Amino acid sequence: MATHVQPLTLGGVEIAAGQRRNIDIRVAPMYTHDDLSITVQVVRGKRPGPTLFISAALHGDEINGVEIIRRLLQHKSLNKLAGTLLAIPIVNVYGFLNHSRYLPDGRDLNRSFPGSAKGSLTGRVAHTFLQEIVLKSTHGIDLHTGSRHRTNFPQIRADLDDPATRSMTEAFGVPLAIDAKIRDGSLRECAGDAGIPVLLYEAGEALRFDEIYVRAGVKGILNVMRSIGMLRKSRRARAPALPVICDQTVWVRAPESGVLRTLVALGAKVTSGQVIALVADPLGSSETAVIAPHHGVVIGRTNLPLVYEGDATFHIARYGRKVSTVEKQVERFHEEHQAASASDPPEDISRAPIA
Ligand SMILES: [Zn+2]
């Protein structure tokens, strides 16, 4: 690693070691005459170290990560940072304004990487974000939630064959991780091709904040920053339990159309053949069981109790014999974060504002 802090230019602005500032990166002109920009808060330590980007709202309605980044940026440990933090709370500004996953051209930004400088609007946003942020970083964490009406139990998704990605995943401190090798035009795939390890933290539901999952996200990012040498390791902190890794997940689909009653919680262990929900006719003339096809853990589910036949209802990570280990880790996770949120209000109003 370099012994002095390397120069960094973002959006045409040079940011020196020890500086902290907001930079607007111009993306594309709008038809209102204004230009659209993505705002990045750059926090540069005085000491050299990695460059970590933390991004949220690539899907504009997945806003849990916006709150995670807001809290992270108030954390006092950033005063003693080694290296550079690039925090981008809202990548898909259009979607965020419209409470939508997509951009106005109907495209999904996280399927549009690497994009192109002369392409459509979404392709240009992808291109600019890749060039200005991702390729200037050595590591990244991208924050997501379930899509609209769906919620995810906190999980890391990453390519766990890559040793650097795996070690960040182990440091984060959530109960489970999905080993996902994807070729889908996502930010994570594109960064991986460039040799930049990127984790996806998936937690909660679109258009909602979840206090426990937000806390777990902030803590996880700080854990990763300690593990890659950006923050000093705390002597008091207990090492997080290693996540139990799963490489196979399955969506259980509604066996018929109707009203859905859910019998298992998010994060619950399920066994093969277990009845996990019931779909009923609203007139009471029929009722059909939704059955778990494997031993596993519920990592995602629909919150909308109205389903058409074939709709995805429960997302189950297949765990086989390891399922009891995951169950214990899920319990421990809830105990740890629920206890913390009971003793500590979500907002610390005594904190000084950032200059
Ligand atoms: Zn997403």
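Predicted, not measured: the structure shown is a model, and the values here were computed from it. Order of listing sets the numbers, starting from 1, for every ligand and every atom in it.
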Return the minimal non-hydrogen interatomic distance between Leu52 and Met230, and the atom names on each side.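 Taking Leu52 first and Met230 second, the nearest heavy atoms are CB-SD, 3.6 Å.
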Sphere of radius 2.8 Å around the Zn ion (ligand 1) - protein N, O or S atoms inside: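 Correct list: His59 ND1, Glu62 OE1, Glu62 OE2, His144 ND1.
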Does the structure place the NZ or CZ of Arg318 under 6.0 Å from the centre of the six-membered ring of Trp251, at an angle of no more than 45° from the ring's axis?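 No - Arg318 does not lie over the ring of Trp251 by the 6.0 Å and 45° rule.
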Can a donor-acceptor pair be found between the side chains of [X] and [Y] at a distance below 3.5 Å?
| X | Y | result |
| --- | --- | --- |
| His59 | Asp108 | yes |
| Thr313 | Arg301 | no |
| Glu62 | His144 | yes |
| Asp142 | Ser55 | yes |

